[in-house]
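So you know, we letter chains A, B, ... as the sequences are listed, proteins then strands, and number each from 1.
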Amino acid sequence: MKYIIATVMLFTLSGCVKDVSPWQKDIHAKAVMQEGDMNGLNQRFEEHIYFSKEGTKGGGSVSGGGCGCN
Amino acid sequence: MQLNKLSIVASTILLAHQAYAEDFVRVQYLQYNENDNRVDVIAPSLEVNKDFGTDYTLNVKLVGDTVSGASPTYIDTSSGASAYNRGVVSNPENINKQNIDFEEDRAFASVGLTTRFENRDELTLSYSKSYESDYDSNTFSLNYLMWVDESKNRSFDITTTYQDNTILIKECDPFNYACSKSDAISGASSEQDSSLGHVQLGLTQIIDESSLAKVSIFYATEEGYLSNQYYNIVRNGNIVEAEQKPDERSSYGFGLKYFKNFGDLTTKLGYGYYSDDWEMDAHTLTIDNYYEVNTALTLGFGLRYYTQSEAEFYSNNPNFFTTQTIASMDDKMSDFDAMTYKLSFAYIQNEKLSYDLGINYYDQSTDLSATYFSAGVKYKF
């Protein structure tokens with residue numbers, strides 16, 4: 001939780017975050033800006049390989065929302 | 001086969017993200033081949049995504065794997081190539097690391113339902129099942145995505161997952177710690193269980209019209225039979241027995257990502273940190289680039305660097321283990337680095353039909369390397 005709070009504060013206090021309006025989100029709606037590669041099944045297959053061949057799991061993934069287009 | 005037991009199910013735990021609202025069917029062919037004639041996997045898959053109005057999205061995935069090849073472990077080679085050749089070996093020179101042949105079919109299915117509320121927050125409930133002849137896994141997951149501001153530039157999300165696994169040890173023997181004495185004598189099968197609990201918190205922040213950042217933290221705990229029944233250790237230089245990993249594991253970590261669009265080029269940077277109470281730490285760095293050649297064709301190229309430290313109970317020295325109860329010679333528990341080189345193509349033929357192709361090369365600092373390939377068709381309806 002401290003990482004999230006720290007990141008929110010970093011974004012907010014640094015002033016680097018713009019208030020982007022919904023009509024300015026055409027780039028965020030692109031397939032290339034979504035989480036993972038352009039094919040969700042490929043990403044699962046790749047994660048499967050890492051899970052099977054490496055001794056750890058979880059460190060490389062990030063969840064969360066995207067453009068808010070739904 | 002449990003040699004590769006960390007199934008696709010596991011990957012679904014960690015890939016929760018916003019459900020994309022569109023109706024489509026995707027068919028995919030996936031192929032994975034290791035060097036040295038080790039593991040080969042063929043995995044055709046099908047994904048269907050269907051919206052019901054603007055508030056509900058149903059996602060179904062089906063995958064069928066055929067896994068074959070050989071995986072290396074220490075055995076008594078004078079008795080033939082089987083992981084079950086355990087026991088006291090009169091001539092230690094006969095204890096060698098050798099590939100054990102195997103073949104296995106695996107079926108995976110998942111279903112997820114996303115509900116959107118009036119404020120467009122999302123709740124996704126999902127269930128997945130993975131089945132092999134010696135491994136049965138059921139996973140339940142709940143994800144809540146909460147928009148923080150009116151413009152939907154910032155979202156928090158929480159994902160909780162519970163996974164229950166049943167592992168079947170097909171032929172017990174006296175040198176497998178997981179078998180009861182009677183099963184070990186009769187050679188009967190033995191059922192073992194394991195479970196996983198996982199919680200992940202995430203934040204996504206749109207920074208400006210062309211970039212966003214994500215951060216997440218996770219905590220996971222596993223308990224039960226966490227060993228691999230096909231992997232052996234060597235004790236006192238002359239006894240081959242089944243490995244024994246700890247029956248509990250707690251891990252935590254965090255991930256950071258930054259996506260930036262530069263016109264035709266989009267770059268995604270990522271970093272992940274992992275740590276657990278088996279004394280393993282890992283760092284993962286990724287960079288993925290997508291170049292939009294025109295409105296139809298996109299080229300992707302990426303790199304992934306991974307490094308992990310050794311588990312406290314691992315050794316690759318056949319003379320190392322003496323009285324230790326917890327012991328493993330599984331190379332996955334060793335200290336190594338790995339690189340993945342990725343290349344992909346995506347082509348949109350028209351509003352409904354698109355194709356994609358991916359070629360990847362994975363190279364570990366152990367003697368493992370692999371090539372994997374995917375080809376898919378997506379139809380929007």
Side-chain angles (χ1 to χ4, degrees), chain A, chain B residues 4 6 8 10-11 14-18 21 26 28 30 32 45 47 116 145 147 151-153 155 157 159 200-210 214-218 220 251 253-255 257 259 261 266 272-274 280 282 284 290 298 300 306 308 332-333 344 346 356 358 374 376:
Chain A
M1 182 55 82
K2 65 183 177 185
Y3 297 111
I4 290 180
I5 294 169
T7 305
V8 172
M9 291 178 67
L10 184 70
F11 285 142
T12 307
L13 297 177
S14 66
C16 66
V17 173
K18 283 180 67 176
D19 185 20
V20 179
S21 300
W23 55 88
Q24 296 174 306
K25 291 186 180 174
D26 53 325
I27 290 173
H28 288 285
K30 284 183 171 187
V32 290
M33 285 292 281
Q34 307 310 311
E35 178 65 33
D37 65 9
M38 289 174 292
N39 182 333
L41 289 171
N42 274 352
Q43 191 184 2
R44 280 174 173 77
F45 187 63
E46 194 172 329
E47 292 291 335
H48 178 198
I49 292 165
Y50 299 142
F51 283 124
S52 299
K53 300 298 167 188
E54 296 172 351
T56 67
K57 48 188 163 184
S61 68
V62 175
S63 64
C67 67
C69 307
N70 290 330
Chain B
N4 296 283
L6 290 169
I8 289 173
S11 66
L14 305 165
L15 292 174
H17 54 81
Q18 191 183 22
R26 192 196 317 260
Q28 196 83 11
L30 303 154
Y32 170 87
S45 57
E47 179 179 12
R116 295 182 188 87
L145 176 73
W147 296 104
S151 301
K152 294 187 172 55
N153 289 328
S155 63
D157 71 284
T159 306
Q200 181 161 299
L201 299 172
L203 162 71
T204 300
Q205 174 70 56
I206 288 180
I207 297 171
D208 56 28
E209 291 89 338
S210 62
K214 299 182 176 216
V215 58
S216 69
I217 55 173
F218 77 91
S251 57
F254 65 89
K257 282 196 175 177
F259 299 176
N261 176 269
T266 299
Y273 173 73
Y274 170 97
M280 297 185 77
T284 307
Y290 297 97
T298 302
Y306 171 84
Q308 72 172 48
K332 272 170 57 178
M333 299 290 110
S344 64
D356 61 81
S374 68

S.K.: Taking it one step at a time, do Lys18(A) and Glu209(B) satisfy salt bridge (Lys or Arg N to Asp or Glu O under 4.0 Å)?
M.R.: CA-CA 8 Å; Lys18(A) 283 180 67 176; Glu209(B) 291 89 338; 3.0 Å; yes
S.K.: Once side-chain hydrogen bond (donor to acceptor under 3.5 Å, both in side chains) is applied, do any residues pair with Tyr32(B), and if so which ones, sequence neighbours excluded?
M.R.: Glu34(B)
S.K.: Are a donor atom and an acceptor atom from the side chains of Thr284(B) and Tyr50(A) found within less than 3.5 Å of each other?
M.R.: no
S.K.: Starting at NZ of Lys152(B), measure out to NZ of Lys25(A) and round the result to the nearest 0.5 Å.
M.R.: 7.5 Å
S.K.: Kindly give the heavy-atom pair with the smallest separation between Phe259(B) and Gln34(A), and that separation in Å.
M.R.: CE1-O, 3.9 Å
S.K.: Between Met33(A) and Asn261(B), is any pair of side-chain heavy atoms under 4.5 Å apart?
M.R.: yes
S.K.: Heavy-atom cut-off 4.5 Å, strictly under: side chain, backbone, both or neither for Ser210(B) against chain A?
M.R.: both
S.K.: Working to the nearest 0.5 Å, report the span between NZ of Lys30(A) and OG1 of Thr266(B).
M.R.: 5.5 Å
S.K.: With side chain to side chain contact (heavy atoms under 4.5 Å, CB included) as the criterion, how do Gln308(B) and Glu54(A) come out once you've worked through the C-alpha distance, each side chain's angles and the decisive distance to 0.1 Å?
M.R.: CA-CA 8 Å; Gln308(B) 72 172 48; Glu54(A) 296 172 351; 4.1 Å; yes
S.K.: Working to the nearest 0.5 angstrom, can you tell me the gap between Leu30(B) CG and Glu46(A) CD?
M.R.: 11.0 Å
S.K.: Heavy atoms only: give me the nearest Lys214(B)-Glu35(A) pair and the separation to one decimal.
M.R.: NZ-OE1, 3.3 Å
S.K.: Going by side-chain hydrogen bond (donor to acceptor under 3.5 Å, both in side chains), name the residues that satisfy it together with Asp19(A), two or more places apart in sequence or in a different chain.
M.R.: Ser151(B), Asn153(B)
